[in-house]
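Below is one structure, written out as structure tokens; comments come after it.
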Amino acid sequence: MDKLKIINNFSRYAHFYDKYADVQNKAAVELITFLKNGDFSRVLELGCGTGNYTLRLRESFKNARIKALDISGEMINVAQDKLKHKNVEFIVADAEKVISDNEFDLITSNACFQWLSDLEKSLQSYAKSLSPGGVVCFSIFGPDTFLELNSVLKSVLKDSQAISAYFYKSARLKAVLQANFKSVKINEVGYKESFTSLKGLLEKIKYSGIRGNGLGGKVYFSRGLLERLEAAYRNKFQEICVTYQVFFCRGEKR
């Protein structure tokens with residue numbers, strides 16, 4: 001992952017994010033259900049973005065001390081405006097450089113961990129940052145995200161694909177979690193969206209930051225290429241649609 005490109009992409013389009021983040025908002029609702037019946041007083045949210053999941057955390061754990069961080073200062077600015085007077089501490093920081101011991105009851109994140117450079121090392125660190133009995137709970141995009149787009153890109157461009165093809169599979173996520181936590185649980189949910197044009201899909205990817213560092217190779221989407229890709233898309237799937245594979249993961253500190 002090219003972290004600088006990820007930062008720049010999210011920062012550049014921070015003020016457009018909420019308009020295009022439908023799937024992330026759906027994932028936030030689902031993720032909160034993973035925390036039902038929990039009693040958390042010290043919460044750390046990683047990759048808070050514009051604060052949509054942060055707001056749900058605030059509503060669910062009214063008396064908790066919540067720290068929310070994001071690597072993009074522009075994202076933090078939007079979140080701070082959205083959650084004024086909600087008693088949330090916002091921090092501009094890298095989720096992979098959290099240093100604390102036994103400080104949090106809950107470490108959580110919505111649709112962020114697929115961008116981490118070293119998820120395994122980060123989860124080891126998060127386990128150390130949890131108090132005894134503490135919980136890590138997060139949603140993460142899986143490799144079948146954009147499977148339709150990847151199929152079309154491969155058929156037309158051969159060596160290009162969306163970076164989502166490299167995301168963690170369920171089995172690997174489970175192994176990493178079990179190495180660091182107990183009572184591990186992973187649920188998978190699929191979301192699907194349709195668009196009137198390929199351009200509309202690419203705009204969604206652009207403004208919601210899902211693309212991270214983009215395609216596997218440098219691709220200039222000329223008008224001619226867009227027409228070829230859209231024709232191949234409709235020929236194969238009869239519409240411009242896209243699947244999002246999301247894993248919801250939870251584990252308790254050993």
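A single hydrophobic cluster is seen to contain both Tyr166 and Ile205, as judged by linkage of ILVMFWY side chains at heavy-atom distances under 4.5 Å, directly or through other members. Criterion: ILVMFWY side-chain heavy atoms under 4.5 Å apart, direct or through other members. Under it, Val78 and Val92 are not part of a common hydrophobic cluster. Phe146 and Leu225 end up in the same hydrophobic cluster when Ile, Leu, Val, Met, Phe, Trp and Tyr side chains are linked at under 4.5 Å. Note: the hydrophobic cluster containing Phe237 also contains Leu226 (ILVMFWY, side chain heavy atoms under 4.5 Å, direct or indirect links). Follow the hydrophobic side-chain contacts under 4.5 Å out from Leu57 and you never reach Val29; the two are in separate clusters.
The shortest distance between side-chain heavy atoms of Asp18 and Asn52 falls below 4.5 Å. Using a 4.5 Å heavy-atom threshold, the side chains of Ser164 and Asn150 count as touching. Between Arg65 and Val43, every side-chain heavy-atom pair lies at or beyond the 4.5 Å cut-off. For the pair Tyr191/Thr243, no side-chain contact is recorded, criterion being any heavy-atom separation below 4.5 Å from C-beta on. Counting heavy atoms from C-beta outward, Asp22 and Glu193 have side chains that approach closer than 4.5 Å. A heavy-atom distance below 4.5 Å is not found between the side chains of Thr50 and Ile76. Side-chain contact between Leu69 and Cys48 is absent, with no heavy atoms from C-beta onward closer than 4.5 Å. Residues Tyr13 and Lys206 form a side-chain contact, since some pair of their non-hydrogen atoms from C-beta on lies under 4.5 Å apart.
Sorted pairs that involve residues 69-81 and meet salt bridge (charged side-chain N to carboxylate O under 4.0 Å, His left out), not counting sequence neighbours, are lacking altogether. Sorted by first and then second residue, the pairs that involve residues 123-141 and meet side-chain hydrogen bond (donor to acceptor under 3.5 Å, both in side chains), not counting sequence neighbours, are Arg42-Ser131, Ser100-Ser129, Asp105-Ser131, Asn110-Ser139.
Looking at Thr33, its side chain does come within 3.5 Å of a backbone N or O of Glu30 through a donor-acceptor pair. Distance alone, capped at 3.5 Å, places no donor-acceptor pair between the Lys97 side chain and the Asp94 backbone. Of the possible polar contacts, one joining the Arg58 side chain to the Ala64 backbone as a donor-acceptor pair under 3.5 Å is found. The backbone N or O of Leu46 sits less than 3.5 Å from a side-chain atom of Ser109, completing a donor-acceptor pair. Thr145 places no side-chain N or O within 3.5 Å of a backbone atom of Phe141 that could act as its donor or acceptor partner. With Ser208 contributing its side chain and Tyr20 its backbone, the two residues share no donor-acceptor pair below 3.5 Å. Between the side chain of Ser151 and the main chain of Leu147, no donor-acceptor pair closer than 3.5 Å is present. Listed for the Glu239 side chain is no donor-acceptor partner under 3.5 Å among the backbone atoms of Arg234. Between the side chain of Asn25 and the main chain of Ala21, a donor-acceptor pair closer than 3.5 Å is present.
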Take Glu227 and Arg223 through the test salt bridge (Lys or Arg N to Asp or Glu O under 4.0 Å) and record every step on the way to the result. CA-CA 6 Å; Glu227 290 175 351; Arg223 181 176 178 180; 3.5 Å; yes

Trp115 and Phe10: side-chain contact (heavy atoms from CB on, under 4.5 Å), yes or no, with the steps? CA-CA 12 Å; Trp115 305 130; Phe10 278 110; 3.7 Å; yes

Take Met75 and Ser11 through the side-chain contact (heavy atoms from CB on, under 4.5 Å) test and state the conclusion after the steps. CA-CA 6 Å; Met75 284 287 198; Ser11 295; 5.9 Å; no

List the atom pairs, with distances to 0.1 Å, where a side-chain N or O of residues 245-254 and a protein N or O form a donor-acceptor pair under 3.5 Å, not counting sequence neighbours.
unit_1 : atom_1 : unit_2 : atom_2 : d
Gln245 : OE1    : Asp144 : N      : 2.8
Gln245 : NE2    : Glu188 : OE2    : 3.0
Arg250 : NH1    : Phe34  : O      : 2.4
Lys253 : NZ     : Asn102 : OD1    : 2.9
Lys253 : NZ     : Ala127 : O      : 3.2
Lys253 : NZ     : Leu130 : O      : 2.6
Arg254 : NH2    : Gln178 : O      : 2.1
Arg254 : NH2    : Phe181 : O      : 3.2

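Among Ile240, Val156, Leu201, Leu149, the single residue meeting the side-chain contact (heavy atoms from CB on, under 4.5 Å) criterion with Leu229 is Val156.
The CG atom of Asp39 lies 8.5 Å from the CZ atom of Phe61; values are rounded to the nearest 0.5 Å.
For Glu45 and Thr108, the side-chain atoms include no donor-acceptor pair closer than 3.5 Å.
Using a 4.0 Å cut-off between charged side-chain N and carboxylate O, Glu103 and Lys67 make a salt bridge.
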